[in-house]
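First up is the structure itself, then whatever we jot down about it.
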Protein chains: 2
Amino acid sequence: MLSLGETIRKLREEKELPLRTVAAFLDIDQAILSKIERGQRNANREQVVKLAEFFKIKESDLLVSWLSDKLVYEIADEDVALKALQVAEEKVKYNKSKK
Amino acid sequence: MLSLGETIRKLREEKELPLRTVAAFLDIDQAILSKIERGQRNANREQVVKLAEFFKIKESDLLVSWLSDKLVYEIADEDVALKALQVAEEKVKYNKSKK
DNA sequence: TTTGTTTTGAATGATTATGTCAAAAATACA
DNA sequence: TGTATTTTTGACATAATCATTCAAAACAAA
């Protein structure tokens with residue numbers, strides 16, 4: 001259950017690439033990428049899509065990783081975090097069924 | 001499966017109170033409360049707590065409603081919304097077990 | 001109409017997101 | 001060691017988003 005940051009750091013290190021190379025592909029400063037990999041910054045959607053392209057992995061997998069990180073972050077301090085996630089699931093299912 | 005806004009509007013109308021009264025208790029402009037009830041604005045945590053107090057309902061129930069609304073909002077446009085919620089659940093469970 | 005309530009939108013202020021840059025710290029390795 | 005390379009950090013800038021206020025418009029009831 002890796003975070004987005006852990007995932008892309010692992011991929012980058014497997015290929016023995018410096019931050020610079022990946023950051024250039026994303027068209028951002030390497031400092032930002034460093035922070036993304038360590039979870040100090042959030043990537044945005046566009047960056048996630050580009051990362052999937054760069055590493056040739058399934059875009060939806062990386063989006064799930066990114067979105068779930070954001071969700072966890074949003075409720076991390078709440079006692080009712082799990083319950084909120086479950087209710088959110090029901091709401092999404094309901095919205096989908098009626099749309 | 002009511003949203004926070006629908007919930008508090010229902011409660012307010014049952015008691016036949018104007019926005020003004022509830023807004024005064026929350027110490028906000030009634031325009032904001034109107035928007036919160038209609039889902040055009042997000043309440044903040046403090047407001048949710050006060051709303052539970054005002055309507056004498058369980059605080060955690062209203063917090064769940066509020067948090068789940070926020071979660072749904074955050075992923076509403078994504079194809080992988082459900083998957084992201086499920087992965088987020090696993091991450092929360094994992095974090096809890098290791099803490 | 002008159003009165004009270006609710007909704008809307010423009011304007012403003014606050015907060016968050018995003019990025020750059022340069023220096024410090026860590027790492028690799030001749 | 002010393003030097004080059006890479007990574008991390010933090011100060012700063014700017015843009016985008018969000019929250020709030022206010023007044024006016026729209027609505028509802030008497």
Side-chain angles (χ1 to χ4, degrees), chain A residues 2-55 62-63 65-78, chain B residues 2-52 54-55 62-63 65-78 84:
Chain A
L2 298 184
S3 69
L4 173 79
E6 290 165 341
T7 301
I8 62 175
R9 167 149 295 190
K10 191 157 151 282
L11 287 167
R12 182 174 64 79
E13 289 180 341
E14 278 169 11
K15 302 193 148 97
E16 297 187 357
L17 298 171
L19 287 169
R20 176 169 32 84
T21 306
V22 183
F25 185 82
L26 300 183
D27 195 25
I28 57 175
D29 193 284
Q30 63 177 23
I32 299 177
L33 183 57
S34 169
K35 286 166 187 167
I36 290 173
E37 287 186 352
R38 330 181 83 251
Q40 292 178 3
R41 281 276 179 121
N42 251 54
N44 61 38
R45 200 180 193 288
E46 185 194 348
Q47 289 161 351
V48 174
V49 170
K50 280 195 183 173
L51 284 165
E53 182 191 348
F54 184 88
F55 289 117
L62 211 55
L63 284 172
S65 181
W66 169 66
L67 282 170
S68 61
D69 280 355
K70 289 209 298 179
L71 294 176
V72 169
Y73 178 78
E74 185 143 329
I75 55 175
D77 300 329
E78 297 284 350
Chain B
L2 298 184
S3 69
L4 174 79
E6 290 165 342
T7 302
I8 62 176
R9 166 147 297 190
K10 190 156 152 281
L11 287 167
R12 183 175 64 79
E13 290 180 341
E14 277 169 13
K15 299 193 150 80
E16 297 186 355
L17 298 172
L19 287 167
R20 176 170 32 84
T21 306
V22 182
F25 184 82
L26 300 183
D27 195 25
I28 58 175
D29 192 284
Q30 63 176 20
I32 299 176
L33 184 55
S34 170
K35 286 165 188 168
I36 290 172
E37 285 188 351
R38 331 181 82 250
Q40 293 178 4
R41 279 274 172 282
N42 251 59
N44 61 37
R45 201 180 192 289
E46 186 194 349
Q47 289 160 351
V48 175
V49 169
K50 280 195 182 173
L51 283 165
F54 184 87
F55 289 117
L62 211 55
L63 284 172
S65 180
W66 169 66
L67 283 170
S68 60
D69 280 355
K70 289 208 297 178
L71 295 175
V72 169
Y73 177 78
E74 187 143 328
I75 56 177
D77 300 329
E78 297 284 350

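Computation of the quantities below employed the complete heavy-atom set of this structure, encompassing side-chain atoms and omitting hydrogens, waters and symmetry-equivalent molecules. So you know, we letter chains A, B, ... as the sequences are listed, proteins then strands, and number each from 1.
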> Side chains of N42(A) and I36(A): does their closest heavy-atom pair fall under 4.5 Å?
Replying inline: no
>> I need the CG-P distance between L26(B) and dA19(D), as an integer number of Å.
In response: 15 Å
Show the atom names and distances, to 0.1 Å, of all donor-acceptor pairs under 3.5 Å that link a side chain in residues 2-10 of chain B to residues at least two apart or in another chain.
unit_1: S3(B); atom_1: OG; unit_2: E6(B); atom_2: N; d: 3.1
unit_1: S3(B); atom_1: OG; unit_2: E6(B); atom_2: OE1; d: 3.4
unit_1: E6(B); atom_1: OE1; unit_2: S3(B); atom_2: N; d: 2.9
unit_1: T7(B); atom_1: OG1; unit_2: S3(B); atom_2: O; d: 2.7
unit_1: R9(B); atom_1: NE; unit_2: E37(B); atom_2: OE1; d: 2.5
unit_1: R9(B); atom_1: NH2; unit_2: E37(B); atom_2: OE1; d: 2.6

> How far apart are the closest heavy atoms of K50(B) and F25(B), and which atoms are they?
Replying inline: O-CE2, 3.4 Å
>> For L67(A) versus E74(B), what's the shortest heavy-atom pair and its separation?
In response: CD2-O, 4.5 Å
>> Short of 4.0 Å, heavy atom to strand atom, which residues of residues 44-52 of chain A count as contacting DNA chain C?
In response: N44(A), Q47(A)
> What distance do L26(A) atom CG and L51(A) atom CG have between them, rounded to the nearest 0.5 Å?
Replying inline: 4.5 Å
> Got a second to check how far I32(B)'s CD1 is from I28(B)'s CD1, nearest 0.5 Å?
Replying inline: 5.0 Å
> If you walk 5' to 3' along DNA chain C, what is the first nucleotide with an atom under 4.0 Å of a heavy atom in chain A, and what is the last?
Replying inline: dT18(C) to dC21(C)
>> Based on the rotation axes of five pairs at each end, what angle does the helix from dT1(C)-dA30(D) to dA30(C)-dT1(D) bend through, to 10°?
In response: 30°
> Which distance, rounded to the nearest 0.5 Å, do you find between the CG of D77(B) and the CZ of R45(A)?
Replying inline: 9.0 Å
> Can you tell me how far CD of Q30(A) sits from NZ of K35(A), rounded to the nearest 0.5 angstrom?
Replying inline: 11.0 Å
> Should the heavy atoms of other residues, nucleotides or ligands under 6.0 Å from OH of Y73(B) be counted, would the total exceed 12?
Replying inline: no
>> I need the residues from residues 29-41 of chain A with at least one non-hydrogen atom less than 4.0 Å from DNA chain C; give them sorted by number, or say none.
In response: D29(A), A31(A), I32(A), R41(A)
> Less than 4.5 Å apart, any side-chain heavy atom of R38(A) and any of S34(A)?
Replying inline: yes
Only pairs under 3.5 Å count here: list side-chain donor-acceptor contacts from residues 13-24 of chain A, not counting sequence neighbours, and write none if there are none.
none

>> In whole Å, I'd like the distance from the CZ atom of R20(B) to the P atom of dC22(D).
In response: 17 Å
> Is there a donor-acceptor contact under 3.5 Å from the side chain of W66(A) to the main chain of V48(A)?
Replying inline: no
> When rounded to the nearest 0.5 angstrom, what is the spacing between NZ in K70(A) and CG in N44(A)?
Replying inline: 9.0 Å
